[in-house]
Peer 1: 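One structure coming up, written as structure tokens, with questions to follow.
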Amino acid sequence: MPDSNNLISAVKKFYNSGDEYLIPVGIDKSKIPALSNYIEAQNTGILAVDVDNISDTAAYASNVNTIAFKAHTDDTHANVLSSGTIGAVGSLPVGSFDVANTSGLDESVLPQDQLSFQQDQLTPYTEGNINTYYYAQGMPIVRDGKTLSGDYIDMLLGRDFVIKHSNKEITKIMVKNPKISFDVTGINLLKSGVESVFDQLYRNGGVGEKANGKPDYLVTALPREDMKDVDIAKRIYRGLSWKYHPADAIDDAYISGEIDL
């Protein structure tokens, strides 16, 4: 436990530096549960781990913010599917990609053997929400794009995008304005900053659409009269909130047909 505490202390020091992913390298797998649980408590950020066996995740199998990867390895290919996958999508705008459809990874990542890894062997990976890299119709592809809890990775990345960029936009507004009045004008200014984040995520492809073709999000800003006097006295506004519907994606497709003789 002392070694795990030192690990957590090191992670905590740099947690708010702006990075989204944490990939532990050269760390004993006995320390991974504590690291996963710490990141789970933060509710932002993603831990990506490579496992030797599906059962390695048993101690933290329900964690939302941890992605587990397992791929085939040999003497020249290490267990690096996590870094290979994140390297392939890390530079893409959040909302524009689906991890479940990732392909063309670095040569250091070896897919499951095309001949010996059959479709039914994917079942324990799917059941345990373990991502792997295997051949589908002769093409290597990452599946299933989920964290250990079964949540879709792209949706969690959208959540983190909103949280991080909303805080950044609010700070930017405060820096650019000599004074923000505690009234409708000032409150709407803050609201517009959060709305701009959702507009960007929508343009990236991460926010769904309403029936009228408008982005499906709602930012609420309560009026001054709904605020507590103690917060007003301290010049703190606690009235902003948001909700949105993430854009859906297709991870698989089935075809039916008939021959009309």
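The figures that follow rest on heavy atoms only: side chains count, while hydrogens, waters and symmetry mates do not.
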Peer 1: Distance from K31 atom NZ to N6 atom CG, nearest 0.5 Å?
Peer 2: 9.5 Å
Peer 1: Where do A88 and L105 come nearest, in terms of heavy atoms and distance?
Peer 2: CB-CD2, 3.6 Å
Peer 1: Using the side chain to side chain donor-acceptor pair (under 3.5 Å) definition, which of the options D75, D74, T73 pairs with H77?
Peer 2: D74
Peer 1: Walk me through whether Y38 and Y15 qualify under ring pair (Phe, Tyr, Trp, His ring centres under 6.0 Å).
Peer 2: CA-CA 11 Å; Y38 172 78; Y15 205 82; 5.8 Å; yes
Peer 1: Can you find a heavy atom in the side chain of T102 that is under 4.5 Å from one in the side chain of I141?
Peer 2: no
Peer 1: Is the F117 to Y125 ring centre distance short of 6.0 Å?
Peer 2: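 Under 6.0 Å, so yes.
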Peer 1: Other residues, nucleotides and ligands only: do more than 12 of their heavy atoms fall within 6.0 Å of OH on Y152?
Peer 2: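 Incorrect, the count does not exceed 12.
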Peer 1: I'd like to know whether the aromatic ring centres of F198 and W242 sit less than 6.0 Å apart in this structure.
Peer 2: yes
Peer 1: Identify whether I180 and I232 are in the same connected component of the hydrophobic contact network (ILVMFWY, side-chain heavy atoms under 4.5 Å).
Peer 2: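 In one cluster with I180: I232, yes.
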Peer 1: Could you check whether any side-chain N or O of K191 sits under 3.5 Å from a backbone N or O of L222, counting only pairs where one atom can act as donor and the other as acceptor?
Peer 2: no
Peer 1: When rounded to the nearest 0.5 angstrom, what is the spacing between OH in Y60 and OG1 in T66?
Peer 2: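 Going from the OH atom of Y60 to the OG1 atom of T66 covers 7.0 Å.
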Peer 1: Would you say the rings of Y202 and Y244 are close, in the sense that their centroids are separated by under 6.0 Å?
Peer 2: no
Peer 1: So how far is it from T57 OG1 to I32 CD1, rounded to the nearest 0.5 Å?
Peer 2: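 The CD1 atom of I32 is 12.0 Å from OG1 of T57, to the nearest 0.5 Å.
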Peer 1: Do the non-hydrogen side-chain atoms of V64 and E40 ever get within less than 4.5 Å of each other?
Peer 2: yes
Peer 1: Strictly distance-based, threshold 3.5 Å: is any side-chain N or O of Q114 a donor or acceptor partner for the main-chain N or O of P111?
Peer 2: no
Peer 1: Check whether any side-chain heavy atom of K146 lies under 4.5 Å from a side-chain heavy atom of N129, and answer yes or no.
Peer 2: yes
Peer 1: Quick check: does any side chain N or O of N131 sit under 3.5 Å from a backbone N or O of G145, one acting as donor and the other as acceptor?
Peer 2: yes
Peer 1: Under the 3.5 angstrom rule, does the side chain of S166 hit a backbone N or O of I163 as a donor-acceptor pair?
Peer 2: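 No, S166 side chain to I163 backbone: no donor-acceptor pair under 3.5 Å.
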Peer 1: Find out if a path of hydrophobic residues (ILVMFWY) with successive side-chain heavy-atom gaps under 4.5 Å connects V89 to I67.
Peer 2: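 Same hydrophobic cluster.
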